[in-house]
Amino acid sequence: MAAHRRSAHRKPKQRPFTGSAARTAATLALAGAATAGSVTGAGAAPAEPAPTTAQVQAKVDRLYHDAEVATEKYNGAKEKAAAATRTVEALTDEAARRTDRLNTTRNALGSLATAQYRGGTLDPALQLALSSDPDAYLQRASYLNRAGDRQSGLLRNIKRQVSRITRVKDRADQETERLAARRTELREHRTAIRTKLTEARRLLDTLTAGERAAYESSADARHGGGPAHADRSATRAPVGAPDSRAAQAVAFAHGAIGKPYVWGATGPNAFDCSGLTQAAWKAAGVSLPRTTYTQINAGARVARSELAPGDLVFFYSGISHVGLYIGGGQMIHAPRPGAPVRIAPIDQMPFAGATRVA
């Protein structure tokens, strides 16, 4: 009996499939695997192909250009913030001076009131009401009226001064609000510049050493420059400069060749594009505004065919880049981060116009 029970609970042997049964099982297994694979991958997006070297280089170029646009906006906001700061300081000083004058007037009024109090002088109407001898009081009325006129004049003066101080402080408050807005704008442009430059560096780091060298070489070709263009011994005052001031501006620009591009910089050790042209003309005794889009209006517009050394040449539709023309179709400019001040042909970027500084 025990042996029979053990045999009854023993599992039957599994026999391998053969023939058509084996083929059917294999087909079902493959179908199941295919179904499982399709279910597993149904929610997964196909991997995006890595950008090509040309795409990376094009994007880096756009980021550098966008950073330069943001740099010029930063420069404009910085200039306006500086002007707002000067206005707030001037208004604060004016309010302080007016307050000092007001205090002087108040002290005079206080002295008059003290003298009246010590002399037993009361308000004229009150004195008449309390006088036991109205006739005697009326004889002294003219003297009291003169004292009252002086007091009234001081009061009117105080009222005018208080009103002026209030207006000055209101203007100071308005300018302070404008200054706060300019500083917020500065922070926004600064963040935009840093973000774009960081992204450009990140993309460049994805390139191999050879690809990056090729990009830098092609960028030099697009923006002009290279070892031969960084020669500071080049002619410093080329023949053809319309006047001595233009020659001085060009000479300064030649002296800046090789110095680094730094956004927001106006020299003497680093420059951005409009910072270089501003500094060059400052060396010639001419004050230019800070940004590309204001410098283009700093003189008379000239046609490309009439360019002369010292003229400002502008590029891109948004007037976001500027260089100093030196003759022969060449300019000196501060191109971009990583590219120092250099000589470049003006036909390497989209030409937008030119100005001859007055």
Report all side-chain donor-acceptor pairs from residues 302-309 shorter than 3.5 Å, counting only partners two or more places apart or in another chain.
none

How long is the span from the [atom1] atom in [X] to the [atom2] atom in [Y], to the nearest 0.5 Å?
| X | Y | atom1 | atom2 | value |
| --- | --- | --- | --- | --- |
| K196 | L63 | NZ | CG | 6.5 Å |
| R97 | I165 | CZ | CD1 | 11.5 Å |
| R164 | K169 | CZ | NZ | 15.5 Å |
| L276 | T266 | CG | OG1 | 10.5 Å |
| K59 | T206 | NZ | OG1 | 10.0 Å |
| T87 | E94 | OG1 | CD | 11.5 Å |

Give me the atom names and distance for the closest heavy-atom approach of [X] to [Y].
| X | Y | answer |
| --- | --- | --- |
| F271 | A334 | O-CB, 4.0 Å |
| A67 | L197 | CB-CD2, 3.8 Å |
| V286 | V357 | CG1-CG1, 3.6 Å |
| A344 | H333 | CB-NE2, 3.5 Å |
| F351 | F315 | CA-CD2, 3.8 Å |
| G310 | V250 | N-CG2, 3.5 Å |

Under 4.0 Å between a Lys/Arg side-chain N and an Asp/Glu carboxylate O for [X] and [Y]?
| X | Y | answer |
| --- | --- | --- |
| R194 | E188 | no |
| R290 | D272 | yes |
| E199 | R202 | yes |
| R182 | E185 | yes |

State, yes or no, whether a side-chain contact exists between [X] and [Y] at a heavy-atom distance under 4.5 Å.
| X | Y | result |
| --- | --- | --- |
| F314 | L312 | yes |
| H321 | T292 | no |
| T71 | Y261 | yes |
| L204 | V60 | yes |
| E68 | R336 | no |
| I332 | Y325 | no |

Candidate pair N75 and E79, rule side chain to side chain contact (heavy atoms under 4.5 Å, CB included), full reasoning:
CA-CA 6 Å; N75 291 337; E79 193 172 45; over 6 Å; no
Using the side-chain hydrogen bond (donor to acceptor under 3.5 Å, both in side chains) rule, take S320 and E72 through it: C-alpha gap first, then chi angles, then the decisive distance, then the call.
CA-CA 7 Å; S320 60; E72 290 305 308; over 6 Å; no
Going through the checks in order, is the side chain to side chain contact (heavy atoms under 4.5 Å, CB included) test met by N297 and T355?
CA-CA 7 Å; N297 297 316; T355 294; over 6 Å; no
Using the rule that two of Ile, Leu, Val, Met, Phe, Trp, Tyr join whenever any of their side-chain heavy atoms come within less than 4.5 Å, decide whether [X] and [Y] are in one cluster.
| X | Y | answer |
| --- | --- | --- |
| M349 | V69 | no |
| V262 | L324 | no |
| V168 | V162 | no |
| V88 | L186 | no |

Would you check if the distance from the ring center of H65 to the ring center of Y316 is below 6.0 Å?
yes
Is it true that atom CZ of R183 has more than 12 heavy atoms of other residues, nucleotides or ligands lying nearer than 6.0 Å?
no
Considering residues, nucleotides and ligands other than R171, do more than 12 of their heavy atoms fall under 6.0 Å from its CZ?
no
Go through the steps to decide whether W263 and R190 satisfy the test side chain to side chain contact (heavy atoms under 4.5 Å, CB included), and finish with yes or no.
CA-CA 10 Å; W263 62 269; R190 185 186 296 117; 3.5 Å; yes
Would you mind writing out the side-chain donor-acceptor pairs for residues 172-179 within the sub-3.5 Å range, not counting sequence neighbours?
{"unit_1": "E175", "atom_1": "OE2", "unit_2": "R178", "atom_2": "NH1", "d": "2.7"}
{"unit_1": "T176", "atom_1": "OG1", "unit_2": "A172", "atom_2": "O", "d": "2.7"}

Side-chain donor-acceptor pair present, T208, R212, cut-off under 3.5 Å:
no
Mark yes or no for whether Q295, through its side chain, and P289, through its backbone, hold a donor-acceptor pair below 3.5 Å.
yes
Between Q330 (side chain only) and G327 (backbone N and O only), is there a donor and an acceptor less than 3.5 Å apart?
no
Determine, step by step, whether Y74 and K78 satisfy the side chain to side chain contact (heavy atoms under 4.5 Å, CB included) criterion, reporting the C-alpha distance in whole Å, the side-chain angles of both residues, the deciding distance to 0.1 Å, and the verdict.
CA-CA 6 Å; Y74 169 86; K78 186 176 181 181; 4.1 Å; yes
Using the side-chain hydrogen bond (donor to acceptor under 3.5 Å, both in side chains) rule, take T291 and T294 through it: C-alpha gap first, then chi angles, then the decisive distance, then the call.
CA-CA 5 Å; T291 65; T294 52; 2.7 Å; yes
